[in-house]
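Side-chain atoms are counted along with the backbone in the values below, which use heavy atoms only and exclude waters and symmetry mates.
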Amino acid sequence: MRAAHTELADGEWHRLHPATPLLRGGIILVAILGFALANFRERLIDWVFGAPELPGDPFEVAYERGQLGWVGLAVIVGLVVGIAGFYLSWRMHTFRVGDEVVEVRSGVLFRTHRRARLDRIQGVAISRPLFARLFGAAKLDISVAGQDAKVQLAYLGSAGADELRRAVLLLASGARAEAKAPTPTAEPRPFDPSEGPAPLPLPAPGAPLPPSPDTGIVNQRVREFLAPELDPDAAPPESVVRIRPGRLIGSWVLSGFTIALLAVAVFFVVMSAQGRLQFFAFLVIPGVLAAIGYYVNRFTKSLRYSIAATPDGVRVGFGLLSTSNDTVPPGRIHAIEVSQPLLWRPAGWWVIRINRAGAAGEGSAQTSTTMLPVGTLDDVRKVLGLLLPGLTGETTRDVVLAGLTARAGEGFTDSPRRAWPLRPLSWRRTGFAVTPDAVLLRSGFVWRRLVVVPWARVQSIRVSQGPIYRMLDLVSVLVHTVSGPVRAEAPAVDRLTGTEAFENWTAAAVAAAASDRSHRWAEGER
C-alpha cells in the first residue's frame, strides 16, 4: 500500500514555492511599470518636476536640478514596498492537507480560509505554464463539487505537486495505510581486506543521496521538459490513444471556426471589390492576428495528448510548452457525449466530452471536460472503456456502436414515424437504449450524438409534453445531471414508451445510487 502521508500531506501548514510572488504578479508589475514609463514619460516629468519646459530624459532633468538622489530614493522605496508586499502575501498564503480536508489560508488585509472535503473531490489537475517550468514550479488545482469551489495551490515545486496529488487522491479514495513496524537491521560484519576494496558507506535511512556529477539545475529542467506527461509510476508508459499532429490540424481546418473565418474573408473580399474596405480595414490585421493566435494556442495546447488508466482514475494530459494533466477519480463522470460534426464524417473522427461536478464554471472548462479532442472509432472504444468500464462487454459494445453509426433499430427504441414533422432527418436515429450500468441516448443525422449517463449519476428525470407534442402523442424525456456541455435528452418519444421509461429509469437510478461506492473507490483496502 502506498503511503498516505508525504512531506506536504502531513497535516501541518506549509507555504507555496518561493518563486510564487514572481510567477503570480511580479512579471505583471514589471510590465505595467515599463509601459507607464515608456508611454507617460513627459507627464511624469511634468508631475514630478513641474517643469514641462525642460525636455530630455527624466534622469538628466533630475541631475540638472540636483534631485537625482531623491529620484533614486523614490525608486528604491517603491521597489522595497513592492517586494515586501509580494513577500507578505506569500508568507500569509499557507495550506495543509489532513485526513479529511484540504485547507488554504490567504490574504493580508482581507483573510480567507477555504476548506475542501477530500471525499467530495471531483478531480486533481496539475498545470505547468511555460514560465513556471523554468523555475521548476507547477500549479495544483483540486476540483470540488459546487460553483467556484476549486482549491488552487499556485505554485508548488514540480515534484512536490506530483507527490501531493498522489497523497490527496489516496486519502480521497478511502484507503488508509497500515503502520509498519520498523524492519530490524542486521549487525554489519567487520571488513576483511582479502575481499578487495572497502565498499562505500551507505547513507542513513531518510538521508538525502549524495549529489551525482551530472545533476544540476539545467539538467533537471531539461529532464522536466522532456519527461512524459503521464507519470510512469502511476500510469502505463504510453497513452492508450495517440493523436498525430496531422489529425489535429485537419480537425481544426474542418471546424466551425474555420468556416466562420472563411465567411468573414469572403465578406472582406466582396467589400474590397466594391471599394468599401476602408470602413473595415482597421479590423483586418487584428482579426488575422487573433485567428493565428487561436490556432497556435490550440495546437500547442493539444499536442502530446495522452490518456491512461491509473489506480486513482483516468488521467488526461495535454500541452507542449505549457502542459496540464488532470486525474478524474472513479464515479466523478456524470455524463459522456460522443459526437461527430458533419465535416468530420468522411474522415471518421469523433470527439468525447463529459459532465463533471464543479467544472462548468471554470475558466478551463473546455479542457477539463474534453476527454478525446479528435479520434477514430477505435479510439472512442478505448476511451469509453476507461471512462465507464461497464461499456466494455460484448453486448454493450454492439449497442454503443449502433448508437454511433446505425440509422435505426439495433437495440434502440426509436421515435415513432409520426415524429417526422418535428425531426424530418433524424427521427430514425432518435431513441434510447438501456444497459445494466447506464442509459444511452442517441440523436442527430447531420451532427451525430450519443450520450451515456451512468445510473448512479442521474440527478433526476423529467417527462414533458407541449401542445405540439400532445397533438402527435409524443413526450420528451430529460435526464438531469450536473451542469456541463452534455445534455441528456430523448426527444420525440412515444407517450406510452416515455412514461414507462420514466418509471423504469427512476427505479434503476435509485437502486444504483443506493449501492454505489465508487466515490470511495479504495475504501477498506489496507
*asked:* Within this structure, what is the CG-CG distance for the pair L422 and L474, rounded to the nearest 0.5 Å?
replied: 6.5 Å
*asked:* Is it the case that atom CD in Q459 sees more than 12 heavy atoms from other parts of the structure closer than 6.0 Å?
replied: yes
_Gap between atom OG1 of T405 and atom CG of L377 - 0.5 Å precision_ = 6.5 Å
_Determine whether a donor-acceptor pair (N or O, by modelled atom type, separation under 3.5 Å) exists between the side chain of S322 and the backbone of L130._
yes
*With a 4.5 Å limit on heavy-atom distance, are the side chains of V458 and T481 in contact?*
no
*Under the salt bridge (charged side-chain N to carboxylate O under 4.0 Å, His left out) rule, collect the residues that match up with R470, sequence neighbours excluded.*
none
_Enumerate the salt bridge (charged side-chain N to carboxylate O under 4.0 Å, His left out) contacts for residues 479-495, please, sequence neighbours excluded, ordered by first and then second residue._
R418-D494, D473-R495, R487-E489
_Quick one, V374 and L248 - any side-chain contact, counting heavy atoms below 4.5 Å?_
yes
*Parallel, tilted or perpendicular: rings of F95 and H14 (30°, 60°)*: tilted
*Would a distance-only check, ignoring hydrogens and angles, find a side-chain to backbone donor-acceptor pair under 3.5 Å from T430 to S426?*
yes
_Separation between OG1 of T258 and OH of Y294, rounded to the nearest 0.5 Å_ = 7.5 Å
*Any side-chain heavy-atom pair of I333 and P454 under 4.5 Å*: no
*Are K139 and L153 close enough, and set up right, to give a side chain to side chain contact (heavy atoms under 4.5 Å, CB included), and what steps lead you there?*
CA-CA 6 Å; K139 183 191 302 182; L153 300 178; over 6 Å; no
*Look only at the side chain of S239 and the backbone of V241, and say whether a donor-acceptor pair between them is shorter than 3.5 Å.*
yes
*Once the angle between the rings of W349 and W344 is folded into 0 to 90°, is it parallel (under 30°), tilted (30 to 60°) or perpendicular (over 60°)?*
perpendicular
*Among pairs that include at least one residue of residues 429-453, which meet salt bridge (charged side-chain N to carboxylate O under 4.0 Å, His left out), considering only residues two or more places apart or in two chains?*
E337-R449, D414-R442
*Heavy atoms from other residues, nucleotides or ligands near CD1 of I468 exceed 12 (cutoff 6.0 Å)*: no
*Where do D141 and R165 land on the salt bridge (charged side-chain N to carboxylate O under 4.0 Å, His left out) test, with the steps shown first?*
CA-CA 9 Å; D141 293 330; R165 170 175 58 186; over 6 Å; no
*Carefully, step by step, assess L343 and I259 under the rule side chain to side chain contact (heavy atoms under 4.5 Å, CB included).*
CA-CA 10 Å; L343 295 178; I259 295 176; 3.2 Å; yes
_Between D162 and R166 (salt bridge meaning N to carboxylate O under 4.0 Å), is one present in this structure?_
no
*Distance from R128 atom CZ to L321 atom CG, nearest 0.5 Å?*
14.5 Å
_Under a 3.5 Å distance rule, please check whether R462 uses its side chain to pair with a backbone N or O of V477 as donor and acceptor._
no
_What I'd like to find out is whether the side chain of V452 reaches to under 4.5 Å of the side chain of L388, using heavy atoms alone._
yes
*Got V314 and L387 here, is their nearest side-chain heavy-atom distance under 4.5 Å?*
yes
*asked:* Is the ring pair F318/Y305 parallel, tilted or perpendicular, if the boundaries are 30 and 60 degrees?
replied: tilted
_Candidate pair S460 and H480, rule side chain to side chain donor-acceptor pair (under 3.5 Å), full reasoning_ = CA-CA 5 Å; S460 64; H480 293 115; 2.7 Å; yes
_Heavy-atom closest contact (V101 atom, R115 atom, distance)_ = CG2-NH2, 3.7 Å
*From CA spacing to verdict: salt bridge (charged side-chain N to carboxylate O under 4.0 Å, His left out), R457, D516*: CA-CA 9 Å; R457 304 278 81 83; D516 179 55; 2.9 Å; yes
*Quick one: sort the Y295 and W252 rings into parallel, tilted or perpendicular, breaks at 30° and 60°.*
tilted
*Backbone N/O of A172 and side chain of D119: donor-acceptor pair under 3.5 Å*: no
*Apply side chain to side chain contact (heavy atoms under 4.5 Å, CB included) to the pair Q340 and R345, showing each step before the final yes or no.*
CA-CA 7 Å; Q340 183 186 60; R345 190 172 301 177; 3.7 Å; yes
*What are the two closest non-hydrogen atoms of A161 and L140, and how far apart are they?*
O-CD1, 4.2 Å
*Closest approach of A433 and V399, non-hydrogen atoms and distance?*
CB-CG1, 3.9 Å
*Less than 4.5 Å apart, any side-chain heavy atom of R105 and any of R111?*
yes
*asked:* Quick check for you: to the nearest 0.5 Å, what is the distance between R242 atom CZ and I307 atom CD1?
replied: 15.0 Å
_Give me the atom names and distance for the closest heavy-atom approach of T435 to T396._
CG2-CG2, 4.0 Å
*Hey, what do you get for CG (L450) to CG (L404), rounding to the nearest 0.5 Å?*
5.0 Å
_Checking the side chain of T497 only, and the main-chain atoms of V493 only, is there a donor and an acceptor separated by less than 3.5 Å?_
no
*Ion pair R96/E103, N-O distance below 4.0 Å*: yes
*Smallest separation among heavy atoms of M92 and G107, with atom names*: CB-O, 3.6 Å
*asked:* If we ignore hydrogens and angles and just use 3.5 Å, is the side chain of R114 paired with the main-chain N or O of K150 as donor and acceptor?
replied: yes
*Evaluate side chain to side chain donor-acceptor pair (under 3.5 Å) for R315 paired with T327, printing each intermediate quantity in order.*
CA-CA 4 Å; R315 184 166 300 176; T327 302; 2.8 Å; yes
*asked:* So L401 and R381, do their side chains get closer than 4.5 Å, heavy atoms only?
replied: yes
*So which heavy atom on L391 is nearest to which on V400, and how close?*
CD2-CG2, 4.3 Å
*Could you tell me whether the side chain of F445 reaches within less than 4.5 Å of the side chain of W427, counting heavy atoms only?*
no
*Aromatic ring proximity Y155/W90, centre distance under 6.0 Å*: no
_From CA spacing to verdict: side chain to side chain contact (heavy atoms under 4.5 Å, CB included), Q122, H334_ = CA-CA 11 Å; Q122 304 298 312; H334 291 251; 4.2 Å; yes
